[in-house]
Amino acid sequence: MTDATPDRIDGVAAKGRLDRLRAGLKRRHAKETRFKWYGRLAIAAAMLFLAVLLVRIVEQGHTAFYTHTVTVPVYMDPARIDRAYPQGSNFEQLAAEQQLARMGIQDDAAGTRAAQMKRLFSSELKFVAADLVSKRSEVIGETVPLAVPLSDDADLYLKGEISKDTPEDQRRLTDQQIAWLDRMQTEGVIGSHFNTALFTNGDSTQPELAGVLGAVVGSALMLMVTALIAIPLGVGAAIWLEEFAPKNKLTDIIEVNINNLAAVPSIVYGLLGLALFINWMHLPRASPIVGGLVLALMALPTLVIATRSALKAVPPSIREAALAMGASKTQTVFSHVLPLAMPGVMTGAIISMAHALGETAPLLLIGMVSFVPGVPAAIDQPVGALPSLIYIWENASERAFHERTAAAIIVLLVFMIIMNAAAIILRRRFERRW
């Protein structure tokens, strides 16, 4: 039997502590590795969901960016055209009958085939023909080519959205109309091109003529009103709260309420705008000025919080140095603190404007759910906006509006990407400047 020496006991204890330290270090490294993988998996999942969303939107909406037109020679029959009022002439029937004759198809006594052919043309045909006759009356008695869009159903068929394999009673195009479309496409009468009308037209009840220009202009006018109201008030309130306001119960209550207002659902601001600006102040319903005021109220809390965070990020030494050099409190804030905080202020302002751009619920409550054709020219005229236009088109019964819904979403996303890119560029410019 041997006795353990003190040195041997100390060596065993030290080895045990070292083993425990190594085991603990190994566990910490394993936890750190797992945490890194959790973060990577979270980012990968977010990117996957975003990619699926974007792919689905592009897949559904890319067909709206091109369209089909038909070019038909039309003989302007003097016996069927009223020179004094060409808008009252039935140019669609005239073009349909002549197209059937060129294809060697005999119409029946009831004009059934002409009616079916007419449904392949957009109603734009009568406006194009009437405008041509009113501007150049000498074309009456001549044959002139008219290039007009196809109807929404004919356009969807040529895009592959309507299949001829579908039973005839389950689609809006008959087998005969599909055969005519195939023949006209083979003969080169029908052609496809970029859909400029999507960006140059306002809303329309005819899907092939509907565009986003009116909604884009309406959203831009609303954002202009929102920016002119929210940015000066929000930045000014943040500067006062952060730099000048005394720290007491009143300012504490104001700060708590601002934080609470930032979490209020947007539909509540819509109810406030309906009650305050429309019912009480009697401002024009569905106008950019009302929409801008509502969105400004909604953007103010976020803008105040973002500006205060930017002001807090400025080192206290900047304020102390300015005051030590004899600058007043106002000079310190506006000549030294605010310029350094400007990148964060600009980022917060543009991001809050981008958030306001995508809001739908407040706009629906102030009347922007109604059909508004054309393009607005002033801030007191009824307008549409991109979010409300997307809502209207998605709920439309015509199938062709659904592809335009996805196209409008793409336009809205591009609009927001441009605004966020502008925020990044402005931030970097101010950072380089200061």
Side-chain angles (χ1 to χ4, degrees), residues 51-72 92 95-96 99 103 113 115-125 128 147-213 215 371 373 384 386-414:
V52 170
L53 174 64
L54 293 177
V55 168
R56 181 68 184 117
I57 292 174
V58 173
E59 180 185 10
Q60 185 177 354
H62 77 279
T63 53
F65 292 98
Y66 70 94
T67 187
H68 293 86
T69 57
V70 56
T71 303
V72 289
E92 293 173 285
Q99 182 61 25
M103 296 173 68
R113 293 185 179 89
Q116 289 182 345
M117 177 63 74
K118 186 168 66 172
R119 284 197 290 270
L120 298 180
F121 303 149
S122 170
S123 61
E124 181 75 358
L125 188 149
V128 172
V148 295
L150 287 174
S151 67
D152 55 332
D153 293 318
D155 188 50
L156 287 176
Y157 167 72
L158 295 176
K159 291 176 179 178
E161 300 293 329
I162 295 178
S163 174
K164 64 174 66 176
D165 298 329
T166 306
E168 187 175 12
D169 59 348
Q170 297 180 17
R171 46 180 160 82
R172 298 174 62 178
L173 290 177
T174 65
D175 291 337
Q176 191 175 50
Q177 288 175 313
I178 289 177
W180 291 344
L181 285 171
D182 291 338
R183 180 176 171 181
M184 287 190 290
Q185 189 176 33
T186 303
E187 294 174 352
V189 177
I190 296 175
S192 63
H193 59 86
F194 182 73
N195 189 7
T196 56
L198 183 66
F199 301 97
T200 58
N201 290 357
D203 196 7
S204 173
T205 56
Q206 304 297 321
E208 69 274 9
L209 303 178
V212 299
L213 180 60
F371 170 71
L386 278 172
S388 58
L389 184 70
I390 291 169
Y391 175 83
I392 294 170
W393 282 359
E394 182 59 30
N395 287 280
S397 59
E398 290 86 352
R399 186 176 175 182
F401 273 123
H402 297 167
E403 66 171 5
R404 280 163 172 75
T405 300
I409 293 174
I410 294 173
V411 173
L412 179 61
L413 290 176
V414 170

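The figures that follow rest on heavy atoms only: side chains count, while hydrogens, waters and symmetry mates do not.
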Report yes if some heavy atom in the side chain of [X] is under 4.5 Å from a heavy atom in the side chain of [Y]; otherwise report no.
X: I390; Y: T405; value: yes
X: H68; Y: K159; value: yes
X: I409; Y: W393; value: no
X: D152; Y: F401; value: no
X: M184; Y: L120; value: yes
X: D153; Y: Q177; value: no
X: K164; Y: D175; value: no
X: W180; Y: T174; value: no

Checklist line | Exam field: side chain R399 to backbone I162, donor-acceptor pair closer than 3.5 Å | finding: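 No, because the side chain of R399 does not come within donor-acceptor range (under 3.5 Å) of the backbone of I162.
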_Under a 3.5 Å distance rule, please check whether R183 uses its side chain to pair with a backbone N or O of M103 as donor and acceptor._
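Answer holds: yes.
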At what distance, to the nearest 0.5 angstrom, does [atom1] of [X] lie from [atom2] of [Y]?
X: M117; Y: Q176; atom1: CE; atom2: CD; result: 8.5 Å
X: L150; Y: T69; atom1: CG; atom2: OG1; result: 7.0 Å
X: R404; Y: T63; atom1: CZ; atom2: OG1; result: 8.0 Å
X: S163; Y: R171; atom1: OG; atom2: CZ; result: 7.5 Å

Verdict with supporting geometry, F121 and V72, side-chain contact (heavy atoms from CB on, under 4.5 Å)
CA-CA 10 Å; F121 303 149; V72 289; 4.2 Å; yes
Nearest heavy-atom neighbours spanning [X] and [Y]:
X: F194; Y: F65; result: CD1-O, 3.1 Å
X: H62; Y: E59; result: ND1-O, 3.0 Å
X: A64; Y: A407; result: CB-CB, 3.7 Å
X: A396; Y: H402; result: O-NE2, 3.3 Å
X: L389; Y: G211; result: CD2-O, 4.2 Å

For the pair E208 and D155, evaluate side-chain contact (heavy atoms from CB on, under 4.5 Å) and give the outcome as yes or no after the intermediate values. CA-CA 8 Å; E208 69 274 9; D155 188 50; 5.8 Å; no
- prompt: Among all residues two or more places apart in sequence or in another chain, which pass the salt bridge (Lys or Arg N to Asp or Glu O under 4.0 Å) test with E92?
  reply: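 By the salt bridge (Lys or Arg N to Asp or Glu O under 4.0 Å) rule, E92 matches no residue at all.
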**Asked** Does R113 have any salt bridge (Lys or Arg N to Asp or Glu O under 4.0 Å) partners at least two apart in sequence or in another chain, and if so, which?
**Response**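 For R113 there are no salt bridge (Lys or Arg N to Asp or Glu O under 4.0 Å) partners, ignoring immediate neighbours.
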N201/L213 under side-chain contact (heavy atoms from CB on, under 4.5 Å): CA gap, chis, key distance, verdict = CA-CA 6 Å; N201 290 357; L213 180 60; over 6 Å; no
Between L209, T196, N195, which is the residue that forms a side-chain contact (heavy atoms from CB on, under 4.5 Å) with T67?
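Answer after filtering L209, T196, N195: N195.
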> Quick one: which of L386, L53, L54 gives a side-chain contact (heavy atoms from CB on, under 4.5 Å) with L413?
Replying inline: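 Exactly one option meets the side-chain contact (heavy atoms from CB on, under 4.5 Å) with L413, and it is L54.
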TODO: Using the side-chain contact (heavy atoms from CB on, under 4.5 Å) rule, take L173 and L181 through it: C-alpha gap first, then chi angles, then the decisive distance, then the call.
DONE: CA-CA 10 Å; L173 290 177; L181 285 171; 4.1 Å; yes
